[in-house]
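Hydrogens, waters and symmetry mates are skipped; everything else that's a heavy atom, side chains included, is used.
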Amino acid sequence: MRNRLGMSKFPAFIALALALALAALTPCAAQSAAGGAEGPRGNLRVDLRPVTLGLSSGGFGLSAGWEGRLGPRFSALVMAEYQWLGDAGVSTLIAYAGPRFSFDAPAIEGFLFGAYPMALRGTDFGTETLAFGFMLELAYAWVPRRLPWLLVEPYIKYPYVFGEDPLVGIAPGFSLGWAY
């Protein structure tokens with residue numbers, strides 16, 4: 001975070017608004033489902049998880065987002081994430097959006113890979129910063145047939161912020177959601 005301290009004071013809510021605008025411009029999931037694809041058309045999700053910054057500090061993260069089907073194997077994901085690492089004096093709001101690919105099932109189910117551009121707005125010991133980067137994700141989304149409204153998704157994410165040293169480690173987590 002130290003390299004970003006002199007950057008613009010661009011508000012994080014504008015980055016989130018841009019991500020939500022991307023979601024609004026994606027094709028309607030119902031149009032894709034009309035082509036005979038199986039599985040859910042979309043989902044709303046939340047997760048609460050521990051977060052680490054390298055190997056030296058820890059805290060928690062809270063995420064909320066939306067995913068909609070784009071085709072038989074592709075979907076679009078839009079997420080907003082808050083992270084707090086109190087012992088490091090760091091808090092961030094991260095917005096990211098982009099495509100996901102399903103390896104072995106209809107979009108939104110099975111093994112998934114996602115690559116997303118991201119914007120990060122944060123504070124580092126009281127100094128505000130704005131940064132950009134990308135996030136890579138591997139996940140497994142499961143929609144139980146007996147509970148077709150429930151989405152269960154463990155994942156591993158790797159964020160990279162431009163101009164920073166690469167983070168040591170990855171961010172595992174677990175999302176629960178409402179599939180429709």
Side-chain angles (χ1 to χ4, degrees), residues 1-5 7-26 42-68 75-101 108 112-142 151-179:
M1 299 259 331
R2 297 276 181 220
N3 293 344
R4 296 187 305 268
L5 296 180
M7 294 188 82
S8 168
K9 302 291 186 208
F10 186 75
F13 67 87
I14 292 177
L16 178 59
L18 291 172
L20 292 175
L22 173 67
L25 295 174
T26 60
N43 66 66
L44 298 173
R45 62 182 55 223
V46 296
D47 69 65
L48 178 66
R49 62 184 162 71
V51 176
T52 60
L53 181 63
L55 299 174
S56 60
S57 65
F60 73 90
L62 174 65
S63 301
W66 168 86
E67 181 179 14
S75 62
L77 179 70
V78 177
M79 294 289 287
E81 188 171 299
Y82 174 75
Q83 296 180 356
W84 180 75
L85 294 103
D87 56 349
V90 175
S91 66
T92 61
L93 179 62
I94 301 170
Y96 53 95
R100 296 176 102 190
F101 173 76
I108 305 179
L112 303 162
F113 172 76
Y116 321 109
M118 78 176 182
L120 179 144
R121 170 74 179 208
T123 49
D124 185 6
F125 292 105
T127 304
E128 293 188 17
T129 186
L130 173 70
F132 300 95
F134 62 88
M135 177 129 15
L136 300 177
E137 175 185 42
L138 286 175
Y140 182 81
W142 177 52
L151 172 81
V152 178
E153 184 179 298
Y155 60 81
I156 298 172
K157 296 180 183 178
Y158 178 79
Y160 177 75
V161 178
F162 298 127
E164 292 290 319
D165 294 331
L167 294 175
V168 176
I170 52 180
F174 189 82
S175 289
L176 290 175
W178 171 64

Minimum-distance pair of heavy atoms, taken over all atoms of [X] and [Y]:
| X | Y | value |
| --- | --- | --- |
| A97 | P117 | O-CD, 3.1 Å |
| A141 | I108 | CB-O, 3.2 Å |
| A139 | Y155 | CB-CB, 3.7 Å |
| P99 | Y116 | O-CE2, 3.6 Å |
| V161 | A131 | CG1-CB, 3.5 Å |

As an exercise, state the distance from [atom1] of [X] to [atom2] of [Y], rounded to the nearest 0.5 Å.
| X | Y | atom1 | atom2 | result |
| --- | --- | --- | --- | --- |
| S91 | E128 | OG | CD | 8.5 Å |
| L120 | L93 | CG | CG | 8.0 Å |
| W66 | R45 | CH2 | CZ | 11.0 Å |
| Y82 | S63 | OH | OG | 12.5 Å |
| Q83 | L62 | CD | CG | 10.5 Å |

Pairwise side-chain contact, [X] with [Y], heavy-atom cut-off 4.5 Å (strictly under):
| X | Y | result |
| --- | --- | --- |
| M79 | M118 | no |
| W142 | P154 | no |
| E153 | L112 | yes |
| T129 | T127 | no |
| L136 | F113 | yes |

Atom pairs and distances, donor-acceptor, side-chain atoms in residues 172-179, under 3.5 Å, two or more places apart:
{"unit_1": "S175", "atom_1": "OG", "unit_2": "D47", "atom_2": "OD2", "d": "3.0"}

Practice item. Evaluate the criterion side-chain contact (heavy atoms from CB on, under 4.5 Å) for residue pair Y96 and K157; output intermediate values, then yes/no. Key: CA-CA 12 Å; Y96 53 95; K157 296 180 183 178; 2.3 Å; yes
